[in-house]
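Notes to accompany the following structure.
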Amino acid sequence: MSTSGSSGTPSAAGSSHAHVDSPLPPRILVVGGGYVGMYTALRLGQRLQRDEARVTVVDPRSYMTYQPFLPEAGAGSIQPRHTVVPLRQTLRDAEIITGSIVKVDHAHKIAVVQPLEGAAYDLPYDTLVMAVGSVPRTLPIPGLADWAMGFKNVEEAIALRNRVLECLDIAESATDPEIRERNLTFVFVGGGYAGTEALAETEDLARYATRYLRNVTPADLRFVMVEASSRILPEVGEDMGRWTVEQLRERGIDIKLETRLESTVNGEVVLSDGTTLLSDTVVWTAGVKPHPLLEATDLPLDERGRLVCRTDLQVEGVADAWGAGDCTAVPDLTNPGTFCSPSAQHAVRQAKVLADNIVASMRGFATRDYKHHHNGSVASLGLYKGVAQVYGIKIKGFPAWFLHRTYHMSKVPTTRRKVQVVTDWTIAFLFQRDVTSLWSMHDPRMAFSEVARASDAATIAEAEGRQAQGRESQG
Ligand SMILES: Cc1cc2nc3c(=O)[nH]c(=O)nc-3n(C[C@H](O)[C@H](O)[C@H](O)COP(=O)(O)OP(=O)(O)OC[C@H]3O[C@@H](n4cnc5c(N)ncnc54)[C@H](O)[C@@H]3O)c2cc1C
């Protein structure tokens with residue numbers, strides 16, 4: 001590893017290529033503080049000597065998101081705050097920069113940071129770790145950008161829950177059939193585990209919430225899943241995917257296989273099978289693609305835009321550059337000819353190998369290959385319902401749901417979060433589910449602004465009245 005003696009920090013904003021002679025140890029720059037980024041930085045912190053290297057993590061969010069818990073956060077079984085892990089509290093030895101990397105010039109070992117506010121600045125580094133993850137894979141569908149929402153981060157999970165409960169409140173008090181249809185129809189596009197879990201958990205919550213309504217019954221709810229292929233939940237295998245379709249259909253959910261979303265302009269949803277629906281809630285969960293930041297680097301990408309990595313997680317043919325997780329193409333040694341799938345299971349394990357290999361190469365030792373047999377997958381389908389295929393064993397219903405909870409509880413980072421999640425579950429078990437919509441929190445200034453504007457208008461009207469009176473008395 002080369003050492004540039006780099007010193008770029010947020011305070012170096014504007015001073016590009018700030019190279020100052022200083023005794024600072026070489027910088028390992030971790031781009032992204034998600035699964036790979038956080039676990040890599042954590043491991044580096046444990047393995048490195050104090051002056052061997054310093055670790056800088058850059059992420060536009062100050063927290064790592066435990067994405068498998070998002071569907072439960074959306075359903076209200078877990079407090080959304082408990083699905084995220086604060087980077088500064090967890091990575092005590094690392095420097096955390098809250099901002100986005102917008103360009104990487106690895107030939108000169110300079111990354112450009114765009115902080116949340118203020119001008120972009122150059123950040124020199126010595127070793128690069130690309131852990132920027134993925135973004136939703138969208139298609140040019142009319143209305144999609146304006147009308148649909150994703151389901152990849154905690155803000156979206158909170159918004160979906162508030163939105164669905166708000167829709168029920170609107171429908172309960174509406175008399176117009178079109179308003180009721182718009183607010184009681186929920187469309188989820190894409191049947192991977194993000195889409196299937198989000199749909200199943202949300203439907204479970206909405207059905208529960210109807211017990212407190214007088215004008216909306218479970219039969220009035222219309223949940224639709226649109227999936228372009230002939231199956232859903234490929235992660236749990238073909239049989240269990242079929243079983244899941246049957247289970248969801250028995251719950252009244254309309255699963256449309258081999259069907260595509262064609263348009264959703266202003267919530268007028270048109271599907272490829274000719275179905276048209278009115279829906280104010282369209283959720284897009286049709287897969288992911290590597291983060292577009294990769295295109296703003298001089299690193300090698302494959303035809304799908306993934307960072308090309310070797311089995312030891314070093315970027316192919318490039319010194320001092322490493323990568324793992326959803327943004328990479330890492331050969332899967334357990335299944336030659338294929339690449340590791342984008343999953344938390346690989347991301348966490350790759351992070352450990354990646355950190356160890358960086359330390360090994362810094363110390364002049366050999367690196368090791370990443371090899372992991374996929375254990376299988378578990379998915380939650382609502383309270384007490386689940387499906388799993390683990391080590392080839394197929395599990396359905398309550399045992400799968402219980403496995404889902406215990407597995408993810410054991411995996412969520414930090415003891416504090418584990419305790420908080422179990423406490424959330426216990427409270428949800430002992431008491432009634434919370435069905436309050438806080439949709440208005442998405443525009444928290446609205447109520448105050450309305451009052452302030454009304455009071456401004458009254459003051460102006462009063463002043464104008466006084467001026468008019470003055471003119472009259474002068475005349
Ligand atoms: C709803 C849902 C449920 C899931 N359930 C499961 C499951 O049950 N099992 C499983 O194995 N997998 C699951 N996954 C997939 C799993 O979460 C991902 O595979 C995993 O998060 C990938 O880790 P990563 O580090 O590559 O990316 P991420 O964890 O997404 O981290 C990427 C990080 O990069 C940051 N970033 C983005 N842009 C920039 C930038 N310009 N500069 C700097 N940083 C940036 C992001 O803010 C983020 O923190 C689920 C995903 C979702 C969405």
Side-chain angles (χ1 to χ4, degrees), residues 29-41 56-74 83-85 87 96-104 111-116 120 123 129-136 150-157 160 188 190 192-199 201-202 233 235-236 283-285 287-288 290-297 306-307 323-328 330 340-351 354 372 374-380 386-388 390 403-405 407-408 411-413:
L29 173 62
V30 181
V31 183
Y35 267 92
V36 171
M38 192 193 79
Y39 279 105
T40 301
T56 301
V57 180
V58 183
D59 197 298
R61 294 186 167 86
S62 62
Y63 48 81
M64 174 263 189
T65 306
Y66 191 80
Q67 291 170 345
F69 272 154
L70 292 182
E72 285 207 55
T83 65
V84 302
V85 178
L87 293 175
I96 310 294
I97 297 178
T98 306
S100 299
I101 297 290
V102 289
K103 191 174 176 222
V104 176
V112 180
V113 181
Q114 175 60 63
L116 294 188
L123 187 67
V129 177
M130 263 295 169
V132 78
S134 54
V135 294
F151 195 78
K152 211 175 172 329
N153 56 51
V154 68
E155 299 82 5
E156 289 165 338
L160 179 61
F188 289 72
Y193 46 9
T196 306
E197 286 191 307
L199 166 100
E201 288 282 357
T202 311
L233 223 51
E235 295 84 353
V236 295
V283 186
W284 180 266
T285 51
V288 293
H291 197 290
L293 164 65
L294 296 175
E295 288 159 19
T297 71
R306 297 175 297 189
L307 184 63
D326 282 12
C327 69
T328 56
V330 176
C340 297
S341 59
S343 70
Q345 212 176 112
H346 282 303
V348 174
R349 289 170 176 84
Q350 286 176 347
L354 195 163
H372 166 67
H374 204 258
N375 298 339
S377 292
V378 283
S380 162
V387 60
V390 185
L403 180 68
H404 178 268
R405 283 211 158 174
Y407 174 79
H408 285 300
K411 294 289 172 200
V412 70

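As the structure lists them, so they are numbered: ligands from 1, and atoms in each ligand from 1. Position 1 is the first residue of the sequence, and the numbers go up from there. In this text the structure is predicted, and so the values were computed from the model without any measurement.
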Could an N or O of ligand 1 be found under 3.5 Å from any N or O of [X], whether backbone or side chain?
X	value
V36	yes
G99	no
S134	no

Check: Do the rings of Y35 and Y66 sit parallel, tilted or perpendicular, given the 30° and 60° boundaries?
Finding: tilted
Check: What orientation do H346 and H372 show, parallel under 30°, tilted 30 to 60°, or perpendicular over 60°?
Finding: perpendicular
Next item on the list: Might you work through the side chain to side chain contact (heavy atoms under 4.5 Å, CB included) test for V57 and M38, ending with a clear yes or no?
Entry: CA-CA 8 Å; V57 180; M38 192 193 79; over 6 Å; no
Quick check for you: to the nearest 0.5 Å, what is the distance between [X] atom [atom1] and [Y] atom [atom2]?
X	Y	atom1	atom2	result
S100	H291	OG	NE2	7.0 Å
Q114	I97	CD	CD1	12.5 Å
R61	N153	CZ	CG	4.5 Å
Q345	Q350	CD	CD	11.0 Å

Around [atom], find the nearest protein heavy atom and jot down its residue, atom name and distance.
atom	answer
atom 51 (C) of ligand 1	Q67 OE1, 3.5 Å
atom 11 (O) of ligand 1	A344 N, 2.9 Å
atom 40 (C) of ligand 1	I101 N, 3.7 Å
atom 12 (N) of ligand 1	Y193 OH, 2.9 Å
atom 19 (O) of ligand 1	D326 OD1, 2.8 Å
atom 36 (N) of ligand 1	P60 CD, 3.8 Å
atom 31 (O) of ligand 1	G34 CA, 3.2 Å
atom 48 (C) of ligand 1	D59 OD2, 3.3 Å

Which ligand 1 atoms, with their elements, are less than 4.0 angstrom from a heavy-atom of [X]?
X	answer
A131	32 (C), 33 (C), 34 (O)
H291	37 (C), 38 (N), 39 (C)
G133	26 (O), 27 (O), 32 (C)
R61	47 (O)
G325	26 (O)

Checklist line | Non-hydrogen atoms of P68 and E197 that approach each other most closely | finding: O-OE1, 4.4 Å
Margin query: Could you report the tightest heavy-atom contact between A131 and V36, atom names first, then the distance?
Written below: CB-CG1, 3.5 Å
Margin query: Heavy-atom distances under 4.0 Å decide this one: backbone, side chain, both or neither, for P342 against ligand 1?
Written below: backbone
Margin query: Is there a side chain to side chain contact (heavy atoms under 4.5 Å, CB included) between E156 and V283? Walk through the geometry before answering.
Written below: CA-CA 10 Å; E156 289 165 338; V283 186; over 6 Å; no
Notebook entry, point to check: Quick one: does H408 get a heavy atom under 4.0 Å from ligand 1?
Noted result: yes
Check: Is there a donor-acceptor pair under 3.5 Å between the side chain of E201 and the backbone N or O of E72?
Finding: no
